[in-house]
2 protein chains.
Amino acid sequence: MKRELRQFQAFLRSRGLKLTRTRALIFKKIFSHPSVHPNAYELRDRLRRSGHHISLATIYRTLNLLVKSGLVSSIDLGENHSHFEPGRPRTAHGHLICLACGRVLEFSHPDIQETIDAIGQKRGFRLDKFSLQVFGFCEKCR
Amino acid sequence: MKRELRQFQAFLRSRGLKLTRTRALIFKKIFSHPSVHPNAYELRDRLRRSGHHISLATIYRTLNLLVKSGLVSSIDLGENHSHFEPGRPRTAHGHLICLACGRVLEFSHPDIQETIDAIGQKRGFRLDKFSLQVFGFCEKCR
DNA sequence: TTTAATGCAAACATTTTGCACCCTG
DNA sequence: CAGGGTGCAAAATGTTTGCATTAAA
């Protein structure tokens, strides 16, 4: 996480921006709970419970920077808002989402990255990232 | 398409709802141009150009019914609104999206469905549908 | 001490909903 | 003709932005 924070700082510096205390707090909240996938509101509430009152505007602004930097990715879990997780989006993993209870499980499988790379090559696409969501019903709910 | 329209009618009937002229028009607009992936506004404009003035409210209400019926799926192309395409979401295909020009190419690959089925089995999920978006730069834009 | 960051409230974009009237079965 | 469908406008979400104030480098 120290390393990623330095990368974020480098990204900001390269654009003439600053690594503030507030930005570092948001960064750490995301990176210290990688499996949480919070949305902007949840992130604000988690920060608030830690004693940090940060406005939604700032949270959104910081999230946008983090996504642009490539250190955080935005994921669509089938709701009408975005969730966020640490990690570069190229990382070959997806999410299993339970349509009943909303539980989210991560998975990764080497074949998927391979297949996608092959498809990109065949169609002449230079790939940047991908997003794979699988919806269904988990053990408890089905 | 005739068959799917009958399926939609059956779905509506099973819920005490009606297949109206307006609903059929929306249905046909989606199914007669399967590769268009319109969003709600585009759909309204396309219908308008065909001489049919249908409100956005009705378009959204009908799209929700179509998605619930399983005959249409909602896709996230990385913008802040949904796009729609005919077809049950289980169909093993994804979208290649160019981050520069916005072009969308469909692809399908038997391995992907297979891998996903295996993952669902291992994690005890009964799978319903999946959504796979790959972002990158197309031949012309890279 | 200059320039960017923050909070607040207002603006925006997308989608949903309440209600009066219309149409389908 | 009863009950659902539609359009309109208003409301509800989620996200962005303008501006005055605060803080980082």
Side-chain angles (χ1 to χ4, degrees), chain A residues 5-6 8-30 37-48 50-69 72-84 102, chain B residues 5-6 8-30 37-45 47-48 51-69 72-84 102:
Chain A
L5 187 53
R6 259 186 275 115
F8 186 39
Q9 182 163 35
F11 167 83
L12 291 169
R13 208 144 34 195
S14 75
R15 305 187 149 214
L17 307 176
K18 295 164 186 173
L19 178 57
T20 60
R21 173 172 174 64
T22 304
R23 285 182 178 158
L25 282 167
I26 294 170
F27 178 96
K28 284 172 188 160
K29 194 52 93 183
I30 295 173
H37 312 308
N39 62 31
Y41 283 78
E42 289 162 353
L43 203 45
R44 182 194 50 183
D45 291 347
R46 287 171 160 268
L47 285 160
R48 186 163 288 176
S50 315
H52 304 293
H53 283 242
I54 299 176
S55 73
L56 270 177
T58 296
I59 287 175
Y60 276 112
R61 281 186 279 232
T62 303
L63 285 170
N64 287 339
L65 288 170
L66 284 164
V67 169
K68 279 200 192 105
S69 78
V72 161
S73 52
S74 162
I75 51 181
D76 170 23
L77 298 181
E79 306 176 41
N80 42 4
H81 52 247
S82 299
H83 291 248
F84 298 87
Chain B
L5 186 54
R6 259 186 274 115
F8 186 37
Q9 182 163 35
F11 168 83
L12 290 169
R13 208 144 34 194
S14 76
R15 304 189 150 213
L17 307 177
K18 297 166 184 171
L19 178 57
T20 59
R21 172 172 174 63
T22 304
R23 286 183 179 156
L25 281 168
I26 294 169
F27 178 95
K28 283 173 190 160
K29 194 53 92 183
I30 294 173
H37 312 309
N39 61 30
Y41 283 78
E42 289 161 355
L43 203 45
R44 185 199 42 187
D45 291 347
L47 285 159
R48 186 161 288 176
H52 304 292
H53 283 242
I54 300 176
S55 73
L56 270 176
T58 295
I59 287 175
Y60 276 112
R61 282 186 278 232
T62 303
L63 285 169
N64 287 340
L65 289 170
L66 283 165
V67 169
K68 279 201 191 105
S69 79
V72 162
S73 52
S74 160
I75 51 181
D76 170 22
L77 298 181
E79 305 177 39
N80 41 4
H81 53 247
S82 299
H83 291 248
F84 298 87

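Order of the sequence lines sets the chain letters (A, B, ...), proteins ahead of strands, with each chain counted from 1. Both backbone and side-chain heavy atoms feed into the values below; hydrogens, waters and symmetry mates do not.
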Chemist: Look at the side chain of Thr62(A) and decide which nucleotide, out of dT6(C), dA4(C), dT16(D), has an atom nearest to it.
Modeler: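 When the side chain of Thr62(A) is considered, dT6(C) is the closest of dT6(C), dA4(C), dT16(D).
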
Chemist: At what distance, to the nearest 0.5 angstrom, does NE2 of His37(A) lie from CG of Leu77(A)?
Modeler: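 Going from the NE2 atom of His37(A) to the CG atom of Leu77(A) covers 7.0 Å.
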
Chemist: Could you check whether Asn39(A) gets within reach of a base, just the sugar-phosphate, or nothing at all, counting any heavy atom under 4.0 Å?
Modeler: nothing

Chemist: For the side chain of Leu17(A), starting at C-beta, report the closest nucleotide among dG25(C), dA5(C), dG7(D).
Modeler: dA5(C)

Chemist: To the nearest 0.5 Å, how far apart are CG in Leu43(A) and CD1 in Ile30(A)?
Modeler: 5.0 Å

Chemist: Can you classify the ring geometry of His83(B) versus His81(B) as parallel (below 30°), tilted (30 to 60°) or perpendicular (above 60°)?
Modeler: tilted

Chemist: Closest to the Lys18(B) side chain: dT24(C), dG14(D), dT6(C)?
Modeler: dT24(C)

Chemist: Rounded to the Å, how far apart are Arg48(B) CZ and dG7(D) P?
Modeler: 10 Å

Chemist: Could you give the CG-to-C1' distance, from Leu25(A) to dA23(D), as a whole number of Å?
Modeler: 14 Å

Chemist: Tell me: CZ of Arg44(B) to C1' of dG7(D), nearest whole Å?
Modeler: 12 Å

Chemist: At what distance, to the nearest 0.5 angstrom, does CZ of Arg21(A) lie from CG of Leu25(A)?
Modeler: 5.0 Å

Chemist: Among dT15(C), dA24(D), dG14(D), which nucleotide sits nearest the side chain of Tyr41(B)?
Modeler: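 It is dT15(C).
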
Chemist: Side-chain N or O of Asn80(A) versus OP1/OP2 of dT13(D): is the shortest distance under 4.0 Å?
Modeler: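 Checking dT13(D) against Asn80(A), no side-chain N or O comes under 4.0 Å of OP1 or OP2.
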
Chemist: I would like to know whether Phe27(A) and Arg23(A) meet side chain to side chain contact (heavy atoms under 4.5 Å, CB included); could you show each step before the answer?
Modeler: CA-CA 6 Å; Phe27(A) 178 96; Arg23(A) 285 182 178 158; over 6 Å; no

Chemist: Just how far is it from atom CG of Leu47(A) to atom CZ of Arg44(A), taken to the nearest 0.5 Å?
Modeler: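 If we round to the nearest 0.5 Å, Leu47(A):CG and Arg44(A):CZ are 10.0 Å apart.
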
Chemist: Would you indicate which nucleotide in dT16(D), dT15(C), dT17(C) comes nearest to any side-chain atom of Asn64(A)?
Modeler: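 Minimum distance to the Asn64(A) side chain belongs to dT16(D).
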
Chemist: Check if the side chain of Arg61(A) and the base of dG7(C) share a donor-acceptor pair of N or O atoms closer than 3.5 Å.
Modeler: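 Present.
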
Chemist: Please tell me if Ser55(A) has a side-chain N or O lying less than 4.0 Å from either OP1 or OP2 of dT6(C).
Modeler: no

Chemist: How large an angle, rounded to 10°, do the end axes of the helix from dT1(C)-dA25(D) to dG25(C)-dC1(D) enclose when each is built from five base pairs?
Modeler: 40°

Chemist: So if I apply the side chain to side chain contact (heavy atoms under 4.5 Å, CB included) rule between Ile59(B) and each of Thr22(B), Ile54(B), Asn64(B), Asn39(B), which one comes out positive?
Modeler: Ile54(B)

Chemist: Rounding to an integer number of Å, can you tell me how far His81(A) NE2 sits from dT16(D) C1'?
Modeler: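 Rounded to the whole Å, the gap is 17 Å.
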
Chemist: Is Thr22(A) close enough to dA5(C) that one of its side-chain N or O atoms is under 4.0 Å from OP1 or OP2 there?
Modeler: no

Chemist: Using atom CG of Leu66(B) as one end and atom C1' of dT15(C) as the other, report the distance to the nearest whole Å.
Modeler: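 From Leu66(B) CG to dT15(C) C1': 16 Å.
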
Chemist: If you check every side-chain atom of Tyr60(B), which of dT15(C), dT15(D), dG5(D) has the closest atom?
Modeler: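 Of the candidates, dT15(C) comes closest.
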
Chemist: For dT15(D) and Ser82(A) - does any side-chain N or O of the residue sit under 4.0 Å from the phosphate oxygens OP1/OP2?
Modeler: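 Result: yes.
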
Chemist: Roughly how far, to the nearest 0.5 Å, is the CG atom of Leu17(B) from the CZ atom of Phe8(B)?
Modeler: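 So the CZ of Phe8(B) and the CG of Leu17(B) are separated by 8.5 Å.
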
Chemist: Find which nucleotide of DNA chain C each of Gly16(A) and Leu56(A) is nearest to by heavy atoms, and output the residue with the more 5' nucleotide.
Modeler: Gly16(A)

Chemist: From the list dC8(C), dT17(C), dG5(D), which nucleotide is the closest neighbour of the side chain of Ala57(B)?
Modeler: dT17(C)

Chemist: At less than 4.0 Å, is any side-chain N or O atom of Thr20(A) found next to OP1 or OP2 of dT6(C)? Yes or no.
Modeler: yes

Chemist: Quick one: CD1 on Ile26(B) to OG1 on Thr58(B), what's the gap to the nearest 0.5 Å?
Modeler: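 It is 6.5 Å, given to the nearest 0.5 Å.
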
Chemist: Thr58(B) side chain N/O closer than 4.0 Å to the phosphate oxygens (OP1, OP2) of dG7(D)?
Modeler: yes

Chemist: How long is the line joining NE2 of His53(B) and P of dG5(D), in whole Å?
Modeler: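 Rounded to whole Å, this separation is 23 Å.
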
Chemist: May I have the distance from Ile54(A) (atom CD1) to dA23(D) (atom P), rounded to whole angstrom?
Modeler: 14 Å

Chemist: Starting at atom CD1 of Ile59(B), determine the distance to atom P of dT14(C), rounded to an integer number of angstrom.
Modeler: 14 Å

Chemist: Side-chain N or O of Arg21(A) less than 4.0 angstrom from OP1 or OP2 on dA5(C)?
Modeler: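 Arg21(A) to dA5(C) OP1/OP2: no side-chain N or O under 4.0 Å.
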
